[in-house]
Chemist: 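Supplied in structure tokens, the structure appears directly below.
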Amino acid sequence: MKYYHHYDLYCFFTATLTYDTLRFGEFEDFPETPEPVWILGKQFNKDEILSDITSRMWFTYRKNFQPIGGTGPTSDTGWGCMLRCGQMILAEALIRRHLGRDWRWVRGQRQREEYISILNAFIDKKDSYYSIHQIAQMGVGEGKSIGQWYGPNTVAQVLKKLAVFDKWSRLAVHVAMDNTVVIEEIMSISVNFSCIIRGACAEPEGPLEINGCLEGACALAEEALWKPLVLLIPLRLGLSDINEAYIETLKQCFMMPQSLGVIGGKPNSAHYFIGFVGEELIYLDPHTTQPAVELCESGQIQDDSYHCQHPPCRMHICELDPSIAAGFFCQTEDDFDDWCAHIRKLSTCRGGLPMFELVDSQPSHLINTEVLNLTPDFSDSDRLERFFDSEDEEFEILSL
């Protein structure tokens, strides 16, 4: 038990009693509504919602997995909800990368190899790229001991570090700080300048074919020039409660085709928000403890428990804790240009306050705190007073 603070122990038992007793209880059906339902950049009617949500990866608390670090916890119940939300937002990026937004999971159907590879990357074992083991141990470098609460920014930073080792997906993960997305920084990690310099992607003298397909060759050349981008933007949209001036802008983010959703939640309870209807947010809840899953001898995985097969959870948008991280995925440079156009258009519209700034190059007034090491030091009691307050010092407070 040495991995837990006293506050963590309290939350451990609270979370266990609150959620596990409701594991397979009745879930409220999705209501009839004239309001449009938006989920990760697509609009749906009621009949289509469950199929789409079931196809998202659902990562929850698990128990009886290998001890983290060899001697650490064998369950993340009570402390791992934000880590699981981080897994879900990154898994959505991998699905977009390898399977596409319109891919659907069907229970009992043999799955594509790409899907199996994605799921393997998150299985609860130490050598999976994005397992609870890897995230918890990488978090030590971010100042978080194993078994300690994470906030949205810490999860984003850890995922960025872990993605470097995923050579199959070849992602460029960028965490935009100070409420500012700098295009110059993104281009520096997403564009393969070495490929351009070598001339490897130069236009060939004759037509290039891959498996007899000219289009495939063009797509491969484009991919060589651009690394698919996962953009994570930690934000604080108020003090103790969300500033209502940001609500319409937040909704607009869920409507963008590049949307990966939002990780955040309520105090002591992290969720993965994937869309909205009216004034309610739609989310996947990690607060269910399930047994760890082992690989079959055939290499297949019993994957039913990794997909939410009941109507999604909902909560009023004003209940959202103001500390969040918004995610976006740009498969190509054209996708990124389109995303930039959406954001610039949003910044000129009335009715909402921009959640962050989009600029071409690093503003001179922004100071690199990593170089100057100016991050304030807070006591454990201060950091754990509220779930997300552990990272308040890393955000600039936005207000009207």
Side-chain angles (χ1 to χ4, degrees), residues 38-42 56-57 86 88-103 114 118 121 130 152 155-157 159-164 166-177 179-196 201 215 218-235 249-263 272-275 324-347 354-362:
W38 284 92
I39 298 173
L40 299 176
K42 299 195 73 173
R56 315 277 64 83
M57 302 299 292
M88 285 190 271
I89 199 170
L90 190 65
E92 179 61 24
L94 295 186
I95 288 174
R96 302 280 185 92
R97 169 79 172 93
H98 299 290
L99 298 170
R101 176 63 181 87
D102 295 327
W103 170 81
E114 295 93 334
I118 291 170
Y130 309 109
V155 168
Q157 299 291 350
L159 293 176
K160 175 183 176 180
K161 291 180 177 179
L162 292 176
V164 173
D166 184 359
K167 303 301 182 183
W168 175 56
S169 297
R170 223 179 122 265
L171 297 174
V173 180
H174 180 68
V175 181
M177 299 303 294
N179 313 307
T180 305
V181 177
V182 182
I183 294 175
E184 185 179 68
E185 293 177 352
I186 289 173
M187 299 301 285
S188 70
I189 64 169
S190 290
V191 176
N192 193 342
F193 289 105
S194 62
C195 179
I196 296 173
C201 298
E215 291 184 2
C218 294
L220 185 64
E222 182 179 8
E223 184 174 301
L225 286 170
W226 176 268
K227 292 176 68 176
L229 171 68
V230 175
L231 175 58
L232 301 173
I233 312 174
L235 298 163
T249 311
L250 180 60
K251 289 181 180 180
Q252 288 290 326
C253 287
F254 287 113
M255 298 166 67
M256 295 179 188
Q258 298 86 359
S259 174
L260 291 177
V262 167
I263 54 176
Y272 173 40
F273 297 94
I274 56 176
I324 65 169
F328 302 93
F329 177 73
C330 300
Q331 178 88 294
T332 66
E333 190 171 357
D334 285 344
D335 288 339
F336 179 63
D337 291 341
D338 180 69
W339 179 82
C340 290
H342 277 292
I343 297 302
R344 290 192 174 106
K345 184 177 180 180
L346 267 181
S347 66
M355 298 192 302
F356 53 87
E357 187 179 6
L358 177 66
V359 297
D360 291 325
S361 56
Q362 181 82 353

Chemist: Under 3.5 Å, is there a donor-acceptor pair between the side chain of W103 and the main chain of H98?
Modeler: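 No; zero donor-acceptor contacts below 3.5 Å.
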Chemist: If you round to the nearest 0.5 Å, how far is OH of Y130 from CG of L90?
Modeler: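 That separation rounds to 5.0 Å.
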Chemist: To the nearest 0.5 Å, what is the distance between CD1 (I89) and CZ (F328)?
Modeler: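 Reported value, rounded in 0.5 Å steps: 9.0 Å.
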Chemist: Taking all atoms of both residues into account, what is the closest heavy-atom pair of V359 and S361, and its distance?
Modeler: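 Scanning both residues completely, I find the closest heavy atoms to be CG2-O, 3.3 Å.
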Chemist: Determine the minimum heavy-atom distance between C340 and I183, stating which atoms define it.
Modeler: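 Of all heavy-atom pairs spanning C340 and I183, the closest is SG-CD1, 4.1 Å.
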Chemist: Rounded at 0.5 Å granularity, tell me how far CH2 in W226 sits from CZ in R170.
Modeler: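 That separation rounds to 11.5 Å.
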Chemist: When rounded to the nearest 0.5 angstrom, what is the spacing between SG in C330 and NE2 in H174?
Modeler: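 Atom-to-atom, C330:SG and H174:NE2 are 11.5 Å apart.
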Chemist: Is any NZ, NE, NH1 or NH2 atom of the basic residue among D360 and R344 found under 4.0 Å from an Asp or Glu carboxylate oxygen of the other?
Modeler: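 Counted as a salt bridge, because a side-chain N and a carboxylate O are separated by less than 4.0 Å.
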Chemist: List the atom of P234, the atom of A176, and the distance in Å for their closest heavy-atom pair.
Modeler: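 The pair with the smallest heavy-atom distance is CD-O, 3.2 Å.
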Chemist: Would you mind reporting whether V262 and C253 have side-chain heavy atoms less than 4.5 Å apart?
Modeler: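 No, their side chains stay 4.5 Å or more apart.
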Chemist: Does the pair I263 and M88 meet the rule for a side-chain contact (heavy atoms from CB on, under 4.5 Å), with working shown?
Modeler: CA-CA 9 Å; I263 54 176; M88 285 190 271; over 6 Å; no
Chemist: For a 4.5 angstrom cut-off between non-hydrogen side-chain atoms, does M57 reach I95?
Modeler: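 Yes, their side chains come closer than 4.5 Å.
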Chemist: Indicate the atoms forming the closest heavy-atom contact of P257 with D338, along with that distance.
Modeler: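 Where P257 meets D338 most closely, the heavy atoms are CG-OD2, 4.2 Å.
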Chemist: Roughly how far, to the nearest 0.5 Å, is the CD atom of E185 from the OG atom of S190?
Modeler: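 One finds 11.5 Å between OG of S190 and CD of E185.
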Chemist: Can you list the steps and then say if N179 with L235 is a side-chain contact (heavy atoms from CB on, under 4.5 Å)?
Modeler: CA-CA 6 Å; N179 313 307; L235 298 163; 3.5 Å; yes
Chemist: When rounded to the nearest 0.5 angstrom, what distance separates CE in M255 from CG in L346?
Modeler: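 Reported to 0.5 Å precision, the distance equals 9.5 Å.
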Chemist: State, with a plain yes or no, whether a side-chain heavy atom of M177 is found less than 4.5 Å away from one of Q157.
Modeler: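 Counting from C-beta outward, M177 and Q157 do come under 4.5 Å.
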Chemist: As a quick check of understanding, evaluate side-chain contact (heavy atoms from CB on, under 4.5 Å) for L162 and V173, giving each step before the final call.
Modeler: CA-CA 10 Å; L162 292 176; V173 180; over 6 Å; no
Chemist: May I ask you to test the R101-E92 pair for a side-chain heavy-atom distance under 4.5 Å?
Modeler: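 Yes, their side chains come closer than 4.5 Å.
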Chemist: How close do Y272 and L260 get, heavy atom to heavy atom, and via which atoms?
Modeler: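 Where Y272 meets L260 most closely, the heavy atoms are OH-O, 2.6 Å.
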Chemist: Would a 4.5 Å heavy-atom cut-off, applied to side chains only, mark Q258 and L231 as touching?
Modeler: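 Counting from C-beta outward, Q258 and L231 never come under 4.5 Å.
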Chemist: Looking at D166 and A163, would you say the former's side chain and the latter's main chain have a donor-acceptor pair under 3.5 Å?
Modeler: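 Not a single qualifying donor-acceptor pair exists.
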Chemist: Compare all side-chain heavy atoms of L99 with those of I118 and state whether any distance is below 4.5 angstrom.
Modeler: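 Sidechains of I118 and L99: in contact.
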Chemist: Under 4.5 Å between any side-chain heavy atoms of L159 and V230, yes or no?
Modeler: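 No. Closest side-chain heavy atoms not under 4.5 Å.
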Chemist: Answer yes or no: is there a side-chain heavy-atom contact under 4.5 Å between L229 and W339?
Modeler: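 They are not in contact (no side-chain heavy atoms under 4.5 Å apart), so the answer is no.
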Chemist: For M355 versus T249, what's the shortest heavy-atom pair and its separation?
Modeler: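 Minimum heavy-atom separation between M355 and T249: CG-CG2, 3.9 Å.
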Chemist: Test side-chain contact (heavy atoms from CB on, under 4.5 Å) on I189 and K160; report intermediate values, then the result.
Modeler: CA-CA 12 Å; I189 64 169; K160 175 183 176 180; over 6 Å; no
